[in-house]
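Sequence lines set the chain letters: A, B, ... in the order given, protein chains first and strands last, and positions in each chain run from 1.
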2 protein chains.
Amino acid sequence: MNKSQKLSAGRNDKDAVLSNIALLYYGEGLTQNEIAKRYKLSRATIVNMLRECRERGVVEIRVDGQLLAASSLGRDLAERYGLQDVYVALDRGEGAEATPRRDQLAQVSRVAAMAILDIVEPGDQIGVAWGETIAAVAKAMPRNPVPDTQVCQLIGSQESARVPASEICAIEVANKLGAQCHTLHAPGIVSSAGLASALRSEPTIQSQLARLSDLDMTIASIGHVGDDTHMAAADIASVQELDQARHQGATGIICCRYIDGNGEEIRTAPYDRVIAASVADIKAAPKKLLVVCGRDRLAATRAAIKGGLVTHLVLDRELAEALMAE
Amino acid sequence: MNKSQKLSAGRNDKDAVLSNIALLYYGEGLTQNEIAKRYKLSRATIVNMLRECRERGVVEIRVDGQLLAASSLGRDLAERYGLQDVYVALDRGEGAEATPRRDQLAQVSRVAAMAILDIVEPGDQIGVAWGETIAAVAKAMPRNPVPDTQVCQLIGSQESARVPASEICAIEVANKLGAQCHTLHAPGIVSSAGLASALRSEPTIQSQLARLSDLDMTIASIGHVGDDTHMAAADIASVQELDQARHQGATGIICCRYIDGNGEEIRTAPYDRVIAASVADIKAAPKKLLVVCGRDRLAATRAAIKGGLVTHLVLDRELAEALMAE
DNA sequence: CAACCTTCTTTACAAATGTCAATAAACAAT
DNA sequence: ATTGTTTATTGACATTTGTAAAGAAGGTTG
């Protein structure tokens, strides 16, 4: 047997080595060759270990949230609309040609992940909504325990081809925060108002929904009311229902609830078949993080702000500039 | 003027760009060229910005503390000595030739920095000692606010050629934790016991010292009692005093206080001229982090453990193996 | 407007890293 | 002891990054 060290020890010793190697590389700035020499392993093995560190979250990167909220555009928006903080995600420089929405969403969700760590405090009870944007935020969050926190699922269970089920989002955020997780033991949409009412009256679900009226913080996105909204994709609202909602003045969708241009809830179909937090629940939380990507959500974002549904805002530059231009 | 973007905007906009670029590079994994293209800047400018991000702590790296405490050696030591966690710093592989003490101390201090983030909790009142090891730990800590924390300087002000003054260590730890800092407005050593007593009786200093008896956590190292100890280098103890202390059974030095092999305080010169927390103060804290580097501190480390002065231990592999071999 | 300073760009080159296929070594199961 | 599986190594090569010097561009000051 040659002199190189083999790692046939248990999983925990492997983890200890991985974490130490991560510190040597990312913290101390040693090269892969230097580490390989110290550990008597090949550089390829070190490369594989560092990749495993990144993949498993052994090492996490954190960027100062306050700097992300430092831009003059963000501060002007915060002042203009009376928000506490506005984080403008800059996935590219000014004047540079547009990146695909996927790239913009990637940066918006990373900025939001950093913002959450800035905003959340120990003891917080946090409501987490569901959708493509929220799923991306959950995924982007580093593992960063905040003591004594609880995460509550805001929208009943629902599957979608586009994103993981709603409880998966909440559980992922809870895991990243080391929080206790309260899922909502009901589907997000049922076939009749009567059934929905019956479910809401179930003691377990009733107490779960009651909890949602006493949140310290919410994490949500706002959707537009076009036919390609997430709500349609998830079979929560039909095209006809969306059309009727638009006719009644619906400007945005937050937490599967319609709001008009003033942020007032519009109780039109499928309103009474939905099992989720209400707009009043969201409004009641002291800290309300809204994460939005895309200029097509301008009217919806403005409506949410106007309705008092936002205290902290994460958005991309185009949307920020559009909000500023009004 | 060509198409590239210049950054003559204010400091805050620069910070916003820096933090976003840090997220794109470290978080999203884009290459420097990809970011340069998006921002219409040169790759050299991106390189400079990333360096500035690292230097200013815009981006911080964090390694999971629990994995650092996961090794079988660490867990065995914890069980053997009744400690909560033992973090073994592995600056190289088993059987590899020794690295210089400086390199070992670098890794021990990085591991300790990660351990601190694991241990400290919101609301904690934290005592910070002083010495070469503690200074390295303070420097290695990433900026990671923990709400409602207070940092207290355990040893009166003292300068040394080797390390920054004791209040500088405490202030640095406080800054990294976003904690309130309570410095000790007295020198660490004075020329007479009478003067020390008079200073301790001063209301301000008295209340500062009183605070040290009610700590939630301490961060300290343990020194040996050889002639080259930090205490001598800092002109706190003379060679004669050290010799006398050894004769009286002194085995280690913690917080400028001698302890014997059982961890009991030895009140010999310069005991009554020192203005610092007492051994009883340290023992009273529920969480006691001891950070040690070097096999020459084996006896001192064992004494500290035996004296109930340690709940969490960070040490290098040699020292860990030596502790295990007893 | 000129001079000076700061910041950015260009270019080159060395070093480091990422990736991958083939092979070797270690480990586990039979 | 053999076979199969898993992990590590070797070697090669492309890409990325780090560094630095020289020059260009932008901004500030007098």
Side-chain angles (χ1 to χ4, degrees), chain A residues 1-56 58-59 61 63 70-72 90 92-96 103, chain B residues 1-56 58-59 61 63 70-72 90 92-96 103:
Chain A
M1 174 175 313
N2 62 21
K3 283 171 57 186
S4 65
Q5 178 179 270
K6 296 310 169 49
L7 296 166
S8 48
R11 169 58 177 268
N12 287 335
D13 280 312
K14 170 108 183 271
D15 285 347
V17 168
L18 282 178
S19 53
N20 270 275
I21 284 181
L23 270 182
L24 289 169
Y25 185 74
Y26 292 105
E28 190 71 11
L30 297 184
T31 66
Q32 293 167 357
N33 269 332
E34 284 169 326
I35 298 173
K37 191 181 301 175
R38 284 195 185 195
Y39 269 76
K40 291 186 173 177
L41 293 168
S42 68
R43 186 176 75 80
T45 301
I46 302 300
V47 170
N48 288 335
M49 287 175 147
L50 291 172
R51 176 186 300 121
E52 185 173 346
C53 285
R54 290 191 294 271
E55 282 167 0
R56 283 177 48 201
V58 170
V59 59
I61 163 249
V63 169
S71 68
S72 52
L90 306 169
R92 67 192 183 283
E94 274 186 274
D103 291 343
Chain B
M1 176 178 304
N2 61 22
K3 284 170 57 186
S4 66
Q5 178 179 270
K6 297 308 169 53
L7 296 167
S8 49
R11 170 57 175 268
N12 287 337
D13 280 314
K14 170 109 182 272
D15 284 349
V17 168
L18 282 178
S19 52
N20 270 275
I21 284 179
L23 269 182
L24 289 170
Y25 184 75
Y26 292 105
E28 189 72 7
L30 297 185
T31 66
Q32 292 165 359
N33 268 332
E34 283 169 326
I35 297 173
K37 192 181 299 176
R38 285 195 185 192
Y39 270 77
K40 292 191 172 165
L41 293 167
S42 68
R43 185 175 76 82
T45 299
I46 302 300
V47 169
N48 288 336
M49 288 177 146
L50 290 172
R51 176 186 302 121
E52 186 173 346
C53 285
R54 290 190 293 271
E55 283 168 358
R56 283 177 47 200
V58 169
V59 58
I61 159 253
V63 169
S71 70
S72 52
L90 306 169
R92 67 192 182 283
E94 272 186 275
D103 292 342

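- Side chain of Asp13(A) to backbone of Ser72(B): a donor-acceptor contact under 3.5 angstrom is found.
- Looking at Arg43(B), its side chain comes within 3.5 Å of the base of dG18(D) through a donor and an acceptor atom.
- dT6(C) atom P lies 20 Å from atom CG of Leu41(B), rounded to whole Å.
- The nearest whole Å value for the distance from the CD1 atom in Ile21(B) to the P atom in dT17(D) is 13 Å.
- A salt bridge does not link Arg92(B) to Asp103(B): none of the charged side-chain nitrogens sits closer than 4.0 Å to a carboxylate oxygen.
- In terms of position on DNA chain D, the residue among Ser42(A) and Arg54(B) whose nearest nucleotide sits closer to the 5' end is Ser42(A).
- Look at CD on Glu52(B): it is 13 Å from C1' on dT6(C), rounded to the nearest Å.
- At dG18(D), one or more side-chain N or O atoms of Gln32(B) fall inside 4.0 Å of OP1 or OP2 (strictly under the cut-off).
- Between the P atom of dT9(D) and the NZ atom of Lys40(A) lies a distance of 13 Å, rounded to the nearest Å.
- Ile46(A) places its CD1 atom 21 Å from the P atom of dA15(C), with the value rounded to the nearest Å.
- In this structure, CG of Asn33(B) is placed 13 Å from C1' of dT11(C), rounded to the nearest angstrom.
- Between dT17(D), dT9(D), dT9(C), one nucleotide has an atom nearer to the side chain of Thr45(B) than all others, and that is dT9(C).
- If you take CG on Asn20(B) and OH on Tyr39(B), they are separated by 4.5 Å, rounding to the nearest 0.5 Å.
- When rounded to the nearest whole Å, the span between OH of Tyr26(A) and P of dA16(C) equals 17 Å.
- Between Arg51(A) and Glu34(A), the one whose closest nucleotide on DNA chain C sits nearer the 5' end is Glu34(A).
- Per the geometry, CG belonging to Asn48(A) stands 13 Å off C1' belonging to dT17(C), to the nearest Å.
- Taking the side chain of Val47(A) as heavy atoms from C-beta on, and the options dT9(C), dT17(D), dG18(C), the nearest nucleotide is dG18(C).
- Comparing Tyr25(A) and Ala44(A) by the nucleotide of DNA chain C whose heavy atom lies nearest to each, the residue mapping closer to the 5' end is Tyr25(A).
- Atom CZ in Arg38(B) sits 11.0 Å away from atom CD1 in Ile21(B) (nearest 0.5 Å).
- Interatomic distance, Cys53(B) SG to Tyr26(B) OH, rounded to the nearest 0.5 Å: 7.0 Å.
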